[in-house]
Amino acid sequence: MSPYLIVYALLLTAAAVTFFKKKDYDLIFIISVVVLTLFLVLRYGQGTDYFSYMRLYEEAPGGLIPLEGFWGKNGNIEIGWKLLEVAFQAIKAPFWVFIGVIGTASMLLLYRFTVKCCPGARTFALLLAYPTLYLSYLFSGVRQGLTICLFLGLMLPFLLEKKYWQYFAVGIACVFIHKASFIVLAAPIVILLSRKAIFWILSGCALLGVFIGTAPGVELMGKLSSLFGKQNYFNEFSGISWIALAERLVTFAVIAFVFFKYSKANDDKTAESVFKIYCYALGVYLLLCSAPLVSSRMMFPMKMAEIVLAGIFIVKMPKWRS
């Protein structure tokens with residue numbers, strides 16, 4: 001059996017135990033975090049971008065490949081990531097140490113997220129994070145994976161605690177690691193909007209998303225791609241992925257339905273704010289749904305808000321937890 005499926009089976013079993021026993025055992029949670037961390041940190045060659053990151057690291061000053069003009073080369077790699085490479089090369093750290101430290105930092109942030117934002121459903125949160133956040137972003141899209149974990153582990157708690165200066169400081173740092181992180185900087189504005197305003201914004205995003213899928217829309221987004229330093233980032237429209245769109249709409253419908261049931265009986269400001277962030281994620285996806293890769297990567301940090309909501313419902317809504 002694939003080791004990935006073995007780890008998933010362990011997580012599924014752990015989450016099932018906590019679900020049926022209605023208790024989020026500390027020992028089970030800690031073991032799950034340790035297993036995921038070791039599986040991530042001790043990997044070699046796993047993840048589609050592993051060797052691409054190794055090549056980039058070896059091209060940094062002090063690496064195996066002497067290279068002049070490092071700062072001007074690989075223009076699609078942000079300056080913050082390059083500074084991390086230079087710092088580790090300065091102490092002669094091999095690539096496996098560099099990627100191991102990044103993996104450990106990401107898992108510590110994910111741990112903080114589950115503890116701060118998912119009390120009572122920490123193991124369940126790890127299970128939900130495993131297929132995409134863990135296997136896709138932490139294993140392959142390492143730069144964005146790190147920024148997503150920074151958003152979840154630091155920025156989201158800061159936002160819920162109304163520590164806006166800290167939120168924007170970390171958010172700006174994330175932009176220098178991966179440009180797509182700029183999307184999270186608008187989240188503090190979103191949570192100030194009313195539900196009615198968010199509904200109209202979602203409707204507008206859906207309509208604009210249809211326009212962007214037309215020939216004039218594709219041309220417009222192609223021109224905007226240069227702003228992100230990626231010539232083909234927005235102009236490679238492959239059309240709407242109906243399966244992906246259906247998954248997001250169905251998941252949103254379930255989360256929204258249970259949330260409105262929950263909000264009628266509970267005046268929970270945290271859940272309200274997190275739900276608005278989740279709506280923001282859907283709006284971003286609807287706006288760019290004609291470019292599935294771009295829309296998925298843009299929305300994903302905020303989409304992870306569904307983990308928080310699912311955790312709240314699991315713990316506080318016995319009638320709907322199944």
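Source: prediction; values computed, not measured.
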Can you check whether [X] reaches [Y] side chain to side chain, under 4.5 Å on heavy atoms?
{"X": "Arg43", "Y": "Ile99", "result": "yes"}
{"X": "Glu272", "Y": "Arg195", "result": "yes"}
{"X": "Leu249", "Y": "Leu245", "result": "yes"}
{"X": "Met54", "Y": "Tyr44", "result": "yes"}
{"X": "Leu133", "Y": "Phe300", "result": "yes"}
{"X": "Phe257", "Y": "Tyr262", "result": "no"}
{"X": "Ile307", "Y": "Met304", "result": "yes"}
{"X": "Ile172", "Y": "Phe176", "result": "yes"}

Ala14 to Thr123 - nearest heavy-atom pair and separation: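 Ala14 and Thr123 have their closest heavy atoms at CB-CG2, 3.7 Å.
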
Closest contact, heavy atoms only, Met298 versus Leu288: CG-CD1, 4.2 Å

Does [X] have its ring centroid less than 6.0 Å away from the ring centroid of [Y]?
{"X": "Tyr53", "Y": "Phe98", "result": "no"}
{"X": "Phe88", "Y": "Trp81", "result": "no"}
{"X": "Tyr8", "Y": "Tyr134", "result": "no"}
{"X": "Phe124", "Y": "Phe29", "result": "no"}

Ring geometry between Phe252 and Phe275 (parallel below 30°, tilted from 30 to 60°, perpendicular above 60°): parallel

Table please: side-chain donor-acceptor pairs of residues 146-162 below 3.5 Å, with sequence neighbours left out.
{"unit_1": "Thr147", "atom_1": "OG1", "unit_2": "Gln144", "atom_2": "O", "d": "2.8"}
{"unit_1": "Thr147", "atom_1": "OG1", "unit_2": "Ser181", "atom_2": "OG", "d": "3.4"}
{"unit_1": "Glu161", "atom_1": "OE1", "unit_2": "Lys163", "atom_2": "NZ", "d": "3.2"}
{"unit_1": "Glu161", "atom_1": "OE2", "unit_2": "Lys116", "atom_2": "NZ", "d": "3.3"}

Partners meeting ring pair (Phe, Tyr, Trp, His ring centres under 6.0 Å) with Phe95 (sequence neighbours left out):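 Expected list: Tyr50, Tyr57.
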
Worked verdict on Leu36 versus Tyr130 for side-chain contact (heavy atoms from CB on, under 4.5 Å): CA-CA 9 Å; Leu36 288 176; Tyr130 182 75; 3.7 Å; yes

Exercise: do Asp268 and Ser263 side chains pair donor with acceptor under 3.5 Å: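 Result is no, nothing qualifies.
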
Residue pair Trp200, Lys196: steps toward the side-chain contact (heavy atoms from CB on, under 4.5 Å) verdict: CA-CA 6 Å; Trp200 285 110; Lys196 184 176 182 180; 3.8 Å; yes

Spacing of Leu138 atom CG and Leu109 atom CG [to the nearest 0.5 Å]: 10.0 Å

Ionic contact status for Lys82 with Glu78, cut-off 4.0 Å: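 Here Glu78 does not pair with Lys82 in a salt bridge, since their nearest N and O are not under 4.0 Å apart.
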
Counterpart residues, side chain to side chain contact (heavy atoms under 4.5 Å, CB included), relative to Ala244 (two or more places apart): Ser241, Arg248, Tyr285

Leu12-Ile314 co-clustered via ILVMFWY side chain contacts under 4.5 Å: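 Same cluster.
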
